[in-house]
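For the single chain, residues carry numbers from 1 onward in sequence order.
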Amino acid sequence: MSQRTLHTLFKPGSIAVIGASNRDKRAGNVVMKNLLSGGFAGPIMPVTPKYHAVMGVLAYPNIESLPIKPDLAIICTRASSVPAIVETLAQFGCKVAIIMASGMADELNEQGENLLELTQGNAKRYGMRLLGPNSLGMMLPPLGLNASLAHAGALPGKIAFVSQSAAICTTVLDWANNKGIGFSSFISLGDATDIDFDELLDFLGRDSRTSAIMLYIDSVNEKRHFLSAARAAARHKPILVIKSGRSAEGGNAAKLHTGGIAGNDAVYEAAFRRAGMLRVTDLVELFAALESLAHLNPLNGERLCILSNGGGPAVLAVDELVLKGGKLAQLSDTTVEKLSQLLPSTWSGQNPVDIIGDAGAERYSQALSVLMDSDELDAILVLHSPSALGESVTIADALIDTVKQHPKRNRVSILTNWSGEDAAYRARKHFSKAGIPTYRTPEGAVRAFMHMVEYRRNQKLLQEVPQSIPDSIPTDSATARSLLQQAIAKGKRVLETHDARNILNAYGLDTIDTWYAKDAAEAVAIADKAGYPVALKVQSPDILHKSDVHGVMLNLTSANEVNQAAAAIVERVHTANPAASVEGMIVQKMALTAGAQELRVAVISDPVFGPAIMLGEGGSEWEPTRDAAVALPPLNMALARYMVIQALKTQKIRDRHLPQGLDMRALCQMLTQISQLIIDCPEIESLDLNPVLAAGDKITLLDVNLRLNPEVTDNAGRLAILPYPKELEEKAKLRNGLEVMLRPILPEDEPKHLDFDNSLTDEDRYKRYFGVRSRMTHEEMAVLTQIDYAREMAFIATIRDDNGEEETLGAVRASIDPDNTEAEFAMAVRSSHQGIGIGKLLLEKLINYYRTTGTQVLTGFTMFENRNMASLAKSLGFTVTFDMEEHLIKMHMELTGKDT
């Protein structure tokens, strides 16, 4: 995936239109019109044997006759001719092409070759990149480039829009032009068979012209690349996404639309949230979010104040805010007193600030100014309902002036709702032109505000300092793996409670005492020994859900009841399925359920994102999209807590306030343990724990159904997010005999890493940061410790102090470019522990790591004053050069084909 060729896509110097035409409504005609009307400064070269000129521009009969090789080619021909055109363009030196033709994946040429596969092979052979097929094209308004089939051009702006749907592109474009909202780039991916979301997110995340990114997604092809790129971009810019296929039927339709895989919508939702993106559910919300992104200041907090000339709209806004989980600002006595001096005595006296229906421009402006002065709020929603005074536009203009002149205009976010149509339309246009977001309804304005709140919360989640599972909790992966392999060797593909409990126990998860009985007599003997009451459950490979055939009998209190239950269960099974085989019975001690709440936890294998963990309430029937909160592994305590909060907030689980209640820490610990089990044991295809009894800090797993897939033996392509690479941990000895642990950095290291950074002397900080640097903030340190192991690596050297606490002595980190061509490293060693070999150990470990990843080059820079760093690098094989102009030392190492 080359970002270098994407630079050509986004900054072409010349364009060829293959299949240009003078005939109306032909793709080659529309593209030429759009290119010529857009104001693109470079040469536009139509290629067609039919005309000497197209729309007054000299045409060329074929690609070979072009006077220069085009940076970008737009192919407007029928599908059957595309493979040969791509090959010729690639041979001629063109690096990027947009393919408009559709249906290529379903068409064959005369030799029976698939047109799309043939096209992809021709492009790949010469290193050429493709946008499409089935693409509407793209627009780069800052360059005056409209290389599309769209009915109108896009205005220049700071928002990038990328869509798999051409129809959504034209709809969004029409609305944005009406609102005066512009774009830095506007891209139709089409079938995304080559250039896809991940590469575009990488480019747009670094693009100085882009301040926000919007995506329309039917399906995701490369889960890990997509999430890595999205997480990297979302740390710096808001990403909003609308995803089709929320229903099963919609998912199938999306699959037909783009040919992608139809994954579970709830898992998509979890993936978007984990990546720090904000999902909107429909086009109305998308447009509202687009309005917010275009104009709204970044939120400093979540407290909303509502200013209105009517009580009804204000109440509607408050209802929507509360139902969406928002916060209504509480005004201080001082602010209320200031408002009372300006407003009629009949004003509301609180938030919402109802300034009465006869409010004119002056009253609105004065009230808004007082509220913007206040520190008790973060955003203000100004509502206006039509009045007989007819001052809609006058009031809007006065408020625009007030906002522009106020000293806190960049701290407080302003939203407006001018209700109505004819009376309000001109006022809303004035707000849009002034860069103040405006909406048609109070509810729409609140939803837009809550989009930004949710985005802010997702960003804060990425900066949480996670909490580890206590060391006292066992995670014996060796035992679990051994038990799984034994089951697989015996040909088992489904493990139920009695077989699975030892695997779960190896991870510190509590299960109910369970035994296997081959017949009723053995079940009675077990029950007599274990003590009553017991539960009896059928053991049959032909029964998926025991409750479907009434294959479970509870609260059996005597041998006679166990005997009768066994006979009844067998009869019921054979009545429901005469062909079913009954292998025996499962006997369980009855759990004490008084004061406990029944939950359900499951792990599924999503076809797009792989393993996903689900949390809901107990029951035999559930639909994850409807009934469960979902999260992607790996989980730590902070991410598990966020999952539980989501489940409570969305009523997927309810705190029923039973005597022992739900214990947040216990729930999070269980979810984190399950996450680790799934990571350590890739053979586990699915896991269903139903019910799970939660009684305070004691959580017991009653019924377990564990399905295996012996063909999956590692996590290479299984997990959407790479887990902590524990295999990279190693111990080493320093020159003074001190033993240190060398390992990748963890999110939990944030406090210790801050201590380490603060321990550096001013001189060491100067060398490390190339100048005077203030102390790191929590947000900055979170970025350094919560890394994406698929994108970057940081190794730290730690020791245990006298209290058994870890202390960080040194750190080295490097980030890879999206092409995995070059990694740039930086390093620091605690000032009190320099000169004993820590730096050498860390840098050697980093070199060896990047050799295993196939990275080609490792580079680093240091100041002239840091000659020790340069000497160390040279001793390890770096080429060291001096940049006299920049006053820097450059360290460069070719990694391929060398050994340490």
Could you walk me through whether Arg274 and Ile721 pass the side chain to side chain contact (heavy atoms under 4.5 Å, CB included) check?
-> CA-CA 10 Å; Arg274 182 68 173 268; Ile721 300 172; 3.4 Å; yes

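- Remark: side-chain polar atoms of Gln588 are paired, donor with acceptor, to backbone N or O of Leu702 under 3.5 angstrom.
- Judged purely by atom type and a 3.5 angstrom limit, Arg224 uses its side chain to pair as donor or acceptor with the backbone of Leu719.
- Phe197 and Phe226 have perpendicular rings, their planes meeting at more than 60° on a 0 to 90° scale where under 30° would count as parallel.
- Side-chain atoms of Ser540 never come within 3.5 Å of backbone atoms of Val582 as a donor-acceptor pair (strictly under, hydrogens ignored).
- Here Asp194 does not pair with Lys124 in a salt bridge; the nearest charged N to carboxylate O distance is not below 4.0 Å.
- Summarising the geometry of Ser219 relative to Ile217, their closest heavy-atom pair is N-CG2, 3.5 Å, with the distance given to 0.1 Å.
- Closest approach of Pro744 and Tyr789 over heavy atoms only: CB-CE2, 4.2 Å.
- Here the NZ-CD distance, from Lys490 to Gln486, works out to 6.0 Å after rounding to the nearest 0.5 Å.
- Here Asp703 does not pair with Arg600 in a salt bridge; the nearest charged N to carboxylate O distance is not below 4.0 Å.
- A cation-pi geometry, defined here as NZ or CZ lying under 6.0 Å from the six-membered ring centre and within 45° of its normal, holds between Lys243 and Tyr268.
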For the pair Lys537 and Glu496, evaluate salt bridge (Lys or Arg N to Asp or Glu O under 4.0 Å) and give the outcome as yes or no after the intermediate values.
-> CA-CA 11 Å; Lys537 303 174 183 181; Glu496 295 190 280; over 6 Å; no

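- To the nearest 0.5 Å, the span separating CD1 on Ile678 from CD on Gln673 amounts to 12.5 Å.
- Residue Arg791 is tested with Asp817, Asp202, Asp198 for a salt bridge (charged side-chain N to carboxylate O under 4.0 Å, His left out); the sole match is Asp202.
- Remark: Glu711 CD is loosely packed, at most 12 non-hydrogen atoms of other residues, nucleotides or ligands lying under 6.0 Å away.
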Verdict with reasoning, Glu583 to Lys518, per salt bridge (Lys or Arg N to Asp or Glu O under 4.0 Å) = CA-CA 7 Å; Glu583 296 180 346; Lys518 63 179 181 294; over 6 Å; no

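- The existence of a salt bridge linking Glu685 and Arg493 is excluded, since no basic side-chain nitrogen approaches an acidic carboxylate oxygen closer than 4.0 Å.
- In Arg641, the CZ atom is not crowded: 12 or fewer heavy atoms of neighbouring residues, nucleotides or ligands sit closer than 6.0 Å.
- Salt-bridge annotation for Glu454 and Arg279: absent, with no side-chain N of the basic residue lying under 4.0 Å from a carboxylate O of the acidic one.
- Counting non-hydrogen atoms of neighbouring residues, nucleotides and ligands closer than 6.0 angstrom, the CD atom of Glu571 reaches no more than 12 such neighbours.
- Closest heavy-atom contact between Leu227 and Ala271: CD2-O, 3.6 Å.
- A salt bridge links Asp499 and Lys492; the closest N-O separation between the charged side-chain nitrogens and carboxylate oxygens is under 4.0 Å.
- Atom CG of Leu599 is separated from atom CG of Asn690 by 10.0 Å, given to the nearest 0.5 angstrom.
- The backbone N or O of Asn709 sits nowhere less than 3.5 Å from a side-chain atom of Glu683 that would complete a donor-acceptor pair.
- Interatomic distance, CD1 of Ile604 versus CG of Leu687, reported as 12.0 Å (0.5 Å rounding).
- Between the CE atom in Met614 and the CG atom in Asn264 there is a gap of 4.5 Å [rounded to 0.5 Å].
- Nearest approach of Leu693 to Glu598, heavy atoms of both residues: CD2-CG, 3.7 Å.
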